[in-house]
Engineer: 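Got a structure for you, questions after.
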Amino acid sequence: MPLKRECLVLLVLSWVNCLRAQDENRVMFSLGTFQNVSVPVNGTVQAVISRIPADVSFLTLQFHTHHHNVTLSYTLIPLYGFSVTAADAGLLSNLTPSQTTVSWFLRTPDGSSVAGVGVILPYSSTDPVPGACNQEFPLEIDPNIYVQYNLFETTITFAPANIGYGRGESPPPCDVDMGSSTRWRLVYEVYQYFLPEGDLSEQSLISNMEKVANVQNVQDNSRKVMSLSSHDRTQFSFSSLPGQGVIFSVIVRDPVLNTSASYIPVHTYACSFNSTLDGCNDLGRVSTKVFFTVLGLAGLFVCFVGHRFFKCELFCMGFGFMAFVFFILITRTTQLDYDTITRAESSSRHRGLRLLLCRNSLMIRVMLLQLYHVLWISPGVRLALTALMGVVGGVAMVMSWWRFGSVMACVLVVGLILGFFISSIVFFTPLGDLAIFHNDVVFWVVFACIMVVVPLFFIRWPREGNIITCGVVGAYTVVLAVNAYTYTSLSYITLDVLKRFLNDNFSRAFISVPLQDVDFIMITVWVVLGVSGIVVQLYREKSRPFFPPSPYVMWKQERERRKTNVLDPSHHKPSLSARILGRIRQLTQRTEPAGETTPLLL
């Protein structure tokens, strides 16, 4: 009898513990209110919403984490076509006529614990249904925005929406008719919201995600990038900003009923928090910091005394010009990849290469494997080669001036560099996002025209143009040096142009970047340094010759003067070859005595 009683007590306790566990893994939501949710290890959380008003036709649940994936599903066990896995996941549920309660299930794909924030938004029968005409993704109705990125561009894709319908009604057909009473009347708006620069924290993401969760918040806080009709593609590209958080939102509008609905917002940092090679927490390489620190110091020197030390200025300008050109050539002609390479991918590539080389000799295999490893894995090698060719370009520019003495040719190269900067600044503004400049031909023609026009002013005012270039370019290299240690959007003035050189598909990307407090500070530093350098150099050089003479030309002129001026003592001086031969004869021949060798008698 006592044994039966103990067994009954154990069964009751286990039943109570199960109920308590179910309550702990159940989260009650309120419409439009954000709720913090923690998914336990190897656990499933049930998200429940009850007391749904009768005028609500469908609901969207969105759940956001910092960088961990979470699986959101309609069923307790996730099934294909009934679940979605992402860091920004969302589901849409149509309601039946008498339905007042809806539940979803959250879990992690790998069974780990994760914390995030979720919200449930209601929509009426007149609101458009996001993703209801999906024909690409697994979900039947998919309100999610899918994001992919590489070093060059970030691409977002979403499924088309449908016009609204009431509870228990059949959804209107998507592609049967294209009249004004179908989904083809819908209009889409793409928005972009930038997180604080340099802030990769989870708290910053969650607090800012609440500002773009619904339609009204998106309109109030985000920047509208573009509008499109239902006949346009639902895929867009933006310039990747590694380390800069961006939230993308899409609003679908029904212009006939004047209603709207929001897709699930999605965020990206254009980098990986889980990567051991190019992670978000290790964006700045030591080699990059050293390179741009030296470049910034050289630019500061050129900014204030570049024209005074003309040879040093020519070396720096030739270095920058040649390094830029060579970096483009080596990147477009080699197999170097900018995408993040995992260790598994690297090992598989090495195994494939070893199989290809298995019949060759051991020496050839070792050499080719080492060459393959250098060209494929190490971006530092590319930076070193770029620096080396930059030195060659700088030396070549100095030697061309030293040998030929053509100041105008060197100044025209300097003018092209200033023209490149001015053209890059023009397209860094919102002007660069105009649809006409997404055409490569139009873009490069206008870019080249601006770049070529600037050196024409150097023909009339060569010294002033050279000093202005020293101030502008030298001060900008200081900005690049600062960017190696802390994020600033000003680096994309030239980086966006470089991306367009390197990637044929970058022309379709929107290149808008955030201008926040750090950027305004760096703009002030750039302007102050540039104006100060220009004023100082103009003041110091006003009483000096426009440009220093070429040493080689001066030597030739001096040599000709000595040949023609018989009164110059150096005119009677033997040549260098004659002096060397005479010295050799003195060392190898014995001199004969001449005349009396005894002392004279006084």
Side-chain angles (χ1 to χ4, degrees), residues 295 298-325 393-394 396-429 431 444-480 490 493-494 497 523-554 557:
L295 188 66
L300 192 63
F301 175 83
V302 171
C303 179
F304 286 94
V305 292
H307 190 78
R308 177 71 178 86
F309 298 90
F310 191 62
K311 291 188 289 293
C312 296
E313 179 210 336
L314 290 181
F315 176 82
C316 293
M317 295 297 176
F319 177 93
F321 182 83
M322 190 63 184
F324 187 84
V325 173
M397 193 164 179
V398 173
M399 294 303 296
S400 64
W401 168 76
W402 186 90
R403 174 63 179 82
F404 301 103
S406 178
V407 174
M408 191 56 64
C410 297
V411 169
L412 288 179
V413 174
V414 174
L416 287 175
I417 296 175
L418 181 61
F420 173 83
F421 268 88
I422 293 177
S423 187
S424 300
I425 293 172
V426 170
F427 286 100
F428 182 73
T429 64
L431 183 67
W444 289 119
V445 168
V446 177
F447 189 93
C449 288
I450 299 175
M451 183 175 172
V452 172
V453 166
V454 173
L456 298 180
F457 294 94
F458 283 48
I459 299 176
R460 176 63 181 85
W461 301 283
R463 182 177 65 176
E464 289 75 9
N466 186 63
I467 292 176
I468 291 174
T469 304
C470 290
V472 174
V473 178
Y476 182 74
T477 58
V478 177
V479 175
L480 293 180
L490 298 184
I493 292 177
T494 53
V497 180
I523 290 175
T524 305
V525 172
W526 186 9
V527 172
V528 170
L529 285 179
V531 173
S532 301
I534 294 171
V535 172
V536 168
Q537 293 200 70
L538 288 175
Y539 177 78
R540 292 188 57 183
E541 302 297 326
K542 64 180 181 180
S543 59
R544 297 175 180 269
F546 275 20
F547 292 94
S550 168
Y552 181 77
V553 173
M554 291 182 61
Q557 293 175 351

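Just the heavy atoms: all of them, side chains too, but no hydrogens, waters or symmetry mates, feed the values below.
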Engineer: Should Phe304 and Cys470 count as side-chain neighbours, where that means a heavy-atom distance under 4.5 Å?
Structural biologist: no
Engineer: Below 4.5 Å, heavy atoms only, C-beta onward: do Thr469 and Phe421 meet side chain to side chain?
Structural biologist: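 No. Closest side-chain heavy atoms not under 4.5 Å.
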Engineer: What is the distance from atom CD1 of Ile417 to atom CG of Leu412, rounded to the nearest 0.5 Å?
Structural biologist: 11.5 Å
Engineer: Between the main-chain N or O of Gly299 and the side-chain N or O of Tyr476, is there a donor-acceptor pair closer than 3.5 Å?
Structural biologist: no
Engineer: So, for Gly471 and Cys303, which heavy atoms are closest and what is the spacing to 0.1 Å?
Structural biologist: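 Closest approach of Gly471 to Cys303: O-SG, 3.9 Å.
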Engineer: Counting only N and O atoms by type, is there a donor-acceptor contact under 3.5 Å from the side chain of Gln537 to the main-chain atoms of His307?
Structural biologist: yes
Engineer: If you measure from CD on Glu464 to CD on Glu541, what distance do you get to the nearest 0.5 Å?
Structural biologist: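 If we round to the nearest 0.5 Å, Glu464:CD and Glu541:CD are 11.0 Å apart.
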Engineer: I'd like to know whether CZ of Phe447 has more than 12 heavy-atom contacts from other residues, nucleotides or ligands below 6.0 angstrom.
Structural biologist: yes
Engineer: Say you draw a straight line from OG1 of Thr477 to CG of Leu295; how long is it, rounded to the nearest 0.5 Å?
Structural biologist: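 Reported value, rounded in 0.5 Å steps: 5.5 Å.
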Engineer: For Cys312 and Phe301, which heavy atoms make the closest approach, and how far apart are they?
Structural biologist: CB-CE2, 3.8 Å
Engineer: Does the side chain of Met317 reach to within under 4.5 Å of the side chain of Val302, using non-hydrogen atoms?
Structural biologist: yes
Engineer: Please name the pair of heavy atoms, one in Pro455 and one in Gly415, separated by the smallest distance, quoted to 0.1 Å.
Structural biologist: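 Answer, listing the atom of Pro455 first, then Gly415: CG-C, 3.5 Å.
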Engineer: In the structure I gave you, are the side-chain heavy atoms of Phe310 and Asn466 within less than 4.5 Å of one another anywhere?
Structural biologist: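 Side chain of Phe310 against side chain of Asn466, heavy atoms only: contact under 4.5 Å found.
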Engineer: State, yes or no, whether a side-chain contact exists between Phe319 and Met397 at a heavy-atom distance under 4.5 Å.
Structural biologist: no
Engineer: What donor-acceptor contacts under 3.5 angstrom involve side-chain atoms of residues 523-532, with partners at least two apart or in another chain?
Structural biologist:
from   : atom 1 : to     : atom 2 : distance (Å)
Thr524 : OG1    : Phe520 : O      : 2.9
Trp526 : NE1    : Val472 : O      : 3.2
Ser532 : OG     : Val528 : O      : 2.7

Engineer: Assess the residue pair Val497 and Phe420 against the criterion (side-chain contact (heavy atoms from CB on, under 4.5 Å)); give the C-alpha distance rounded to whole Å, side-chain angles, the decisive distance to 0.1 Å, and a yes or no.
Structural biologist: CA-CA 10 Å; Val497 180; Phe420 173 83; 3.8 Å; yes
Engineer: With a 4.5 Å limit on heavy-atom distance, are the side chains of Trp461 and Ile468 in contact?
Structural biologist: no
Engineer: To the nearest 0.5 Å, how far apart are CD1 in Ile493 and OG1 in Thr429?
Structural biologist: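 Result: 10.0 Å between the selected atoms.
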